[in-house]
Every structure is written in C-alpha cells, then in structure tokens.
Protein chains: 2
Amino acid sequence: MHNYIRKRRKERHLSQDMLAQKANVTRQTINAIENAKYDPSLALAFKLATILETTVDQLFTKSEDEND
Amino acid sequence: MHNYIRKRRKERHLSQDMLAQKANVTRQTINAIENAKYDPSLALAFKLATILETTVDQLFTKSEDEND
DNA sequence: TATATATGTAAAATATCTTTTACATAAGGA
DNA sequence: TCCTTATGTAAAAGATATTTTACATATATA
C-alpha cells in the first residue's frame with residue numbers, strides 16, 4: 001500500500017506529532033506509516049482519513065508491486 | 001467497524017470459502033470478519049472491496065460505539 | 001440413511017501493528 | 001551558542017490479525 005498521508009498532513013500544516021495526537025496514536029506510528037514501515041489498522045486508516053478530510057480509498061492506493 | 005461483507009458476498013452468490021480463495025485467505029478469516037471478531041488488515045480490506053466490486057469506504061463503516 | 005456443502009467456533013502458533021523509551025540529526029530563532 | 005521543534009530510527013513488550021487443524025451443526029439431495 002502507498003499512501004498520501006504526508007502530503008495531506010503537510011497541506012494542513014500538521015506535524016507528525018499533531019496528527020498523532022488527533023488520531024490518538026504515537027508519533028512513531030505516524031512516522032512508520034508515512035515511511036511505509038507498515039500499514040495502519042483499518043480503524044486507524046479511517047480515523048486518519050477523517051482527520052485529513054478525505055476517504056480511505058483516496059488516502060491509500062495499492063502499490064505497484066502488490067502481489068494480488 | 002461494521003461491514004457489509006456478508007451482504008455483498010451473498011448478493012454475488014459466493015460462499016465464505018469462495019470469497020476466501022479469491023482473497024487468498026482462509027475461510028475462518030472471512031467468517032471472523034463477517035462476525036466482527038476482528039477487523040481485516042487494510043490490505044485485505046482493499047482486496048475484499050475489489051472482489052466485491054465496491055470501495056473500502058462503502059464496505060466498512062465506523063460502528064456506533066466506536067470511541068473516537 | 002448417507003454424502004456434500006455452508007457455516008460457526010476454538011486453541012495454539014505465527015505474523016503484523018502499536019506503544020514505550022530512548023537516542024540521533026537538522027533547521028530555526030533567541 | 002543554546003534551546004526548541006520536527007523528523008528518523010531502534011529494540012522490547014504488548015495488542016491484534018491470520019493460519020492451521022479440528023470438530024460441530026444445519027440443510028439439501030441422492
């Protein structure tokens with residue numbers, strides 16, 4: 001999965017820490033997701049989409065090398 | 001999270017097992033998700049949405065008692 | 001009755017996500 | 001220079017998702 005979290009976060013002038021607080025997770029979690037260390041849980045994906053005023057389908061896309 | 005997987009699966013006349021095979025997971029995983037034992041991973045949510053010809057945002061909704 | 005298909009469930013093992021604590025670097029302003 | 005803010009990263013522990021194996025029930029049909 002690829003995501004546009006960093007892009008949308010910056011458009012809203014939020015730091016990773018501010019976004020983390022709004023989403024009720026740690027800054028490390030946001031950092032890991034932005035840097036594609038792992039994907040968020042579905043619940044967190046929805047929470048981030050809400051905070052960033054978009055949809056899960058727009059915020060995430062299957063990346064090129066996704067084997068099905 | 002609440003989801004419409006069972007509803008959409010039945011509309012397409014798929015058994016839990018058939019859906020599981022298409023999604024490359026076990027039947028127990030589909031069963032557990034339909035019965036709200038746990039949420040799927042984000043990647044699986046996207047896979048299921050694709051198979052069921054819908055979007056993640058339409059297939060899942062935050063349930064009433066979701067505390068934020 | 002016997003067989004097949006669909007579904008529910010459970011325990012143990014493994015994989016993945018998230019937190020906590022901690023340290024490091026870069027950039028900006030006082 | 002010193003302090004603050006933002007970001008990257010890492011290891012260990014805890015929480016959650018998924019698989020594997022197995023058994024149970026219900027329904028339909030030969």
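A note on names: the letters A, B, ... follow the listed sequences, proteins ahead of strands, and every chain is numbered from 1.
A 4.5 Å side-chain heavy-atom check between B:Leu19 and B:Arg27 finds every atom pair outside the cut-off.
C:dT19 atom P lies 13 Å from atom CD of A:Gln21, rounded to whole Å. If you take CG of B:Asn24 and P of D:dT19, they are 9 Å apart, rounded to a whole angstrom. Spacing between atom NZ of B:Lys47 and atom C1' of D:dA17 amounts to 14 Å, rounded to whole angstrom units. Regarding B:Tyr38, its OH atom lies at a distance of 14 Å from the P atom of C:dC17, rounded to whole Å.
Checked against side-chain contact (heavy atoms from CB on, under 4.5 Å), A:Gln28 has the following partners two or more places apart in sequence or in another chain: A:Thr26.
Look at B:Thr26 and you'll find a side-chain N or O under 4.0 angstrom from OP1 or OP2 of D:dT19. Listed pair A:Ser41 / C:dT18 meets the phosphate criterion, a side-chain N or O lying under 4.0 Å from OP1 or OP2.
A pairwise comparison of heavy atoms in B:Lys47 and A:Lys62 identifies CA-NZ, 3.7 Å as the closest pair. Minimum interatomic distance between A:Ala49 and A:Val56 (heavy atoms only, all atoms of both residues): CB-N, 3.7 Å. Across all their heavy atoms, A:Ile5 and A:Leu48 have their closest contact at CD1-CD1, 3.8 Å.
The pair B:Arg12-B:Glu53 counts as a salt bridge, with a side-chain nitrogen and a carboxylate oxygen less than 4.0 angstrom apart.
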Task: Base-contact (B) and sugar-phosphate-only (S) positions in nucleotides 4-11 of chain C, heavy-atom cut-off under 4.0 Å, - elsewhere - done: ---BBBB-
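Within a 6.0 Å radius of OH in B:Tyr38, more than 12 heavy atoms belonging to other residues, nucleotides or ligands are found.
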Measure all distances between protein nitrogen or oxygen atoms and nitrogen or oxygen atoms of nucleotides 25-30 of chain D, and list the pairs falling under 3.5 Å.
none

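The OG1 atom of A:Thr29 sits 11.5 Å away from atom CD of A:Glu34, with the distance rounded to the nearest 0.5 Å.
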